[in-house]
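This report refers to the structure that appears directly beneath it.
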Amino acid sequence: MSRPARSRRAENTAFVCVHCAASVPATTDGHYRNHCPVCLWSLHVDDLPGDRASDCGAPMEPVGLVEKSGKGWQVVHRCTACGHRQPNRLVREGAAPDDLDEVLRLPWL
Ligand SMILES: [Zn+2]
Ligand SMILES: [Zn+2]
């Protein structure tokens with residue numbers, strides 16, 4: 001079992017949103033960003049946040065919010081292809097924080 005070598009480092013790079021085509025800058029708050037701050041959609045590239053270990057690559061829809069003790073609010077993403085669900089931290093500071101109106105539109109899970 002071999003797979004192509006690739007960086008397992010959590011990447012923090014600018015990207016273009018697959019859902020709304022917004023240009024998303026890299027975060028400046030020192031954390032890793034994996035979803036669009038405008039529409040909150042993500043991509044299924046991680047098995048665990050930041051590991052880039054998934055080969056799925058399908059868009060992930062924001063389906064709701066959870067509050068985790070010590071971690072604050074998290075948005076739950078569900079993959080539109082395989083159904084994988086993953087909570088992710090919100091970006092609240094620095095360049096292009098998550099749109100709070102979009103965040104608050106989500107149901108609490
Ligand atoms: Zn977007
Ligand atoms: Zn998937």
Side-chain angles (χ1 to χ4, degrees):
M1 167 110 186
S2 68
R3 54 198 298 172
R6 61 176 147 174
S7 173
R8 289 302 197 103
R9 184 176 59 87
E11 293 177 36
N12 186 34
T13 54
F15 62 93
V16 174
C17 176
V18 289
H19 188 67
C20 73
S23 292
V24 182
T27 48
T28 56
D29 67 355
H31 292 281
Y32 162 74
R33 187 210 299 277
N34 70 350
H35 59 269
C36 174
V38 179
C39 68
L40 307 179
W41 280 61
S42 184
L43 266 189
H44 190 187
V45 293
D46 299 333
D47 286 335
L48 296 169
D51 70 2
R52 303 275 160 169
S54 176
D55 294 321
C56 179
M60 293 184 81
E61 176 184 17
V63 293
L65 295 170
V66 291
E67 181 162 15
K68 290 220 171 155
S69 57
K71 288 189 175 178
W73 293 7
Q74 297 197 304
V75 55
V76 177
H77 287 108
R78 184 181 60 208
C79 182
T80 54
C82 72
H84 177 73
R85 290 166 76 103
Q86 180 66 57
N88 289 289
R89 62 179 290 277
L90 292 166
V91 178
R92 306 292 295 276
E93 295 166 7
D98 292 337
D99 185 332
L100 203 54
D101 288 337
E102 276 308 313
V103 170
L104 294 174
R105 208 166 290 167
L106 296 171
W108 287 93
L109 300 175

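Only this structure's heavy atoms are used, side chains among them; waters, hydrogens and symmetry mates stay out. Both counts, for ligands and for their atoms, begin at 1 and track the order of listing.
Among the backbone and side-chain atoms of H19, no N/O/S atom is found under 2.8 Å from the Zn ion (ligand 1). In summary, H84 places no N/O/S atom under 2.8 Å from the Zn ion (ligand 2), failing the contact criterion.
In the hydrophobic clustering of ILVMFWY residues, with side-chain heavy atoms under 4.5 Å counting as a link, L104 and L106 come out together.
A 4.5 Å side-chain heavy-atom check between L90 and V103 finds at least one atom pair inside the cut-off.
A cation-pi arrangement is absent between R89 and W73 under the rule of less than 6.0 angstrom and at most 45 degrees off the ring axis.
Minimum interatomic distance between D46 and H84 (heavy atoms only, all atoms of both residues): O-NE2, 4.2 Å.
The atom of H44 nearest to the Zn ion (ligand 2) is ND1, with the search restricted to N, O or S atoms.
Rounding to the nearest 10°, we obtain 110° for the angle at the Zn ion (ligand 1) between C36 SG and C39 SG.
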